[in-house]
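Reading through the structure tokens given below for one structure.
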2 protein chains.
Amino acid sequence: MSLSGIFPIDRWNFTTQSILNTLSEEEYAELVANQSDQKYLKGDVIFREGSVPAGIFLIRRGKVKKYKVDNLAKEQIIYVANHGELIGYHAVLSEERYPDSAAAIEDSLISFIPKEDFISILHRSPAFTQRLLKALSHEFTVLANTISVIAQRTAPERLAIALIVLREKYKDEESGEKDIVLNVSRMDLAGMAGIAQENVIRLLKEFKAEGILESDGRKIRIMDIKRLIKKSNYR
Amino acid sequence: MSLSGIFPIDRWNFTTQSILNTLSEEEYAELVANQSDQKYLKGDVIFREGSVPAGIFLIRRGKVKKYKVDNLAKEQIIYVANHGELIGYHAVLSEERYPDSAAAIEDSLISFIPKEDFISILHRSPAFTQRLLKALSHEFTVLANTISVIAQRTAPERLAIALIVLREKYKDEESGEKDIVLNVSRMDLAGMAGIAQENVIRLLKEFKAEGILESDGRKIRIMDIKRLIKKSNYR
DNA sequence: CGCAGAAGCTGATATTTATCAGTTTTTAAA
DNA sequence: TTTAAAAACTGATAAATATCAGCTTCTGCG
């Protein structure tokens, strides 16, 4: 699964989307027996760093950012989870408090599953456990990749990468393959790329001038993915 | 487990050291039945990013850096593993190529365990699997923490943090609790903190002038851990 | 023991990126 | 529809950090 044959997009995505497929019908039924659905509006916080987990979350519809806030304000986005993905399971498994916060970046529908039910299925289904182990191992790849990029790439490269990654997440929203439209604030882009908001704006203007993208307020339309990948300078 | 009551050192260490304790004697015996020990000199590469894993490694003696190399030269260190820890298991579990490289940062003795034996035990021992799941989940905490620090802290703060983390890894080397001596190159410090070598040298000089540490070539003696923690500015 | 290469170190300079102090535009609530 | 707050944007400046070029000191090998 590689983007346009050159950008290793699998290095940027967790793989919790397909985990639930390992469950039998009755196992799945038991997992979701006590679930409760909740709507979250854009910006709503789902859980906060340092709090104690009571269960895990399944994103039915929408997108969620996982982030850490450092010295007051300024959040660093660790990962953007899409519909179908699980979040909040790390803390349950490691028996720690949440290491990061999660908030909706668009209106979302999310199921809460009590941790007891999650743990119960885990003990019941070896296939589920193996699949989870695989997913968690892959996450190491994604996070190590993120560390390397943030430490070693320039601001324009990091922004380009953020846009490529987001484009993939917004792909299925639209019908066509080309000219995918992202709907994301400058602040969230800054949080993903680890640069100041003002510089995100300036860089977007440059990209626009180069014909790589068009933007109208929050909407960013990727016009030339090939040139964007080139901009990212990714091997 | 928190350093001097204020620095959250557990946020900086994987927990694979105690995983093998979950195995019964016969399980352990089977795991290591086909192991082969090998000595690695300081600087020797254990595995390289992009290659295909054939098994996992158990560090019997020594220390190992896990790192990613970006655009020729300049390596970013993701993690420093100590004796007792397992490395190379992510790629086996996720059935991918190694996402990072590993090299000895001091002379080390390392056992290689064929992946078949590892997988076999994994299927045999639910306790082992659960423990591994927990360890991998904790790793998310460590890596998310690293991302946030690299993205949001200043160079002096990052260097201070690198020194604090290393101090903990070198603790058991010496007898006393105080004035722990690190044995690490400026280049590796630069790789850990994500800053240029030259600046590592300049910052170390500052720390020295402030009485925080003393250094004699590669040997760095932490004199005032409290002031170092303050320097790191860590909540 | 001598020597070559690596690592450590220094100062000067360039570059990148953040910060600041606004203005304009958009958005959503009254 | 008005309007207040939030987000987007701009230019100027400051700060942080990297880069470069050269020098010195170690270190391990022959």
Tabulate atom names and distances for all N/O pairs under 3.5 angstrom spanning the protein and nucleotides 26-30 of chain D.
none

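Between A:Asn13 and A:Asn82, every side-chain heavy-atom pair lies at or beyond the 4.5 Å cut-off. A:Pro53 places none of its side-chain heavy atoms less than 4.5 Å from the side chain of A:Phe47. For the pair B:Leu58 and B:Gln35, the minimum side-chain heavy-atom distance is 4.5 Å or more. Counting heavy atoms from C-beta on, the side chains of A:Thr146 and A:Ile78 never come closer than 4.5 Å. Proximity of B:Val184 to B:Met192: side-chain heavy atoms (C-beta onward) are nowhere separated by under 4.5 Å. Within the 4.5 Å cutoff, the side chain of B:Arg202 has no heavy atoms near those of the B:Lys205 side chain.
For residues 147-166 of chain B, proximity to DNA chain D is found at B:Thr154, B:Ala155, B:Pro156, defined as any non-hydrogen atom under 4.0 angstrom from a strand atom. Within residues 197-209 of chain B, the residues that have a heavy atom under 4.0 Å from DNA chain D are, in order of number, B:Glu198, B:Asn199, B:Arg202.
For B:Tyr67, there are no ring pair (Phe, Tyr, Trp, His ring centres under 6.0 Å) partners two or more places apart in sequence or in a different chain. Partners of A:Thr154 under the side-chain contact (heavy atoms from CB on, under 4.5 Å) rule, at least two apart in sequence or in another chain, are A:Pro156, A:Glu157.
Judged by a 6.0 Å distance limit and a 45° cone about the ring axis, A:Lys63 is positioned over the six-membered ring of A:Tyr170. Seen from the ring of A:Phe14, A:Lys169 does not count as a face-on cation partner, given the 6.0 Å and 45° thresholds.
Ion pairing of B:Lys39 with B:Asp44 is absent here, as no side-chain N (NZ or NE/NH1/NH2) approaches a carboxylate O to less than 4.0 Å.
The CE-P distance, from A:Met187 to D:dA6, rounds to 12 Å in whole Å.
In this structure, the side chain of B:Lys68 does not engage the main chain of A:Asn145 through any donor-acceptor pair within 3.5 Å.
The span of DNA chain C lying next to chain B, judged by atoms under 4.0 Å from heavy atoms, is bounded 5' to 3' by C:dA7 to C:dA12.
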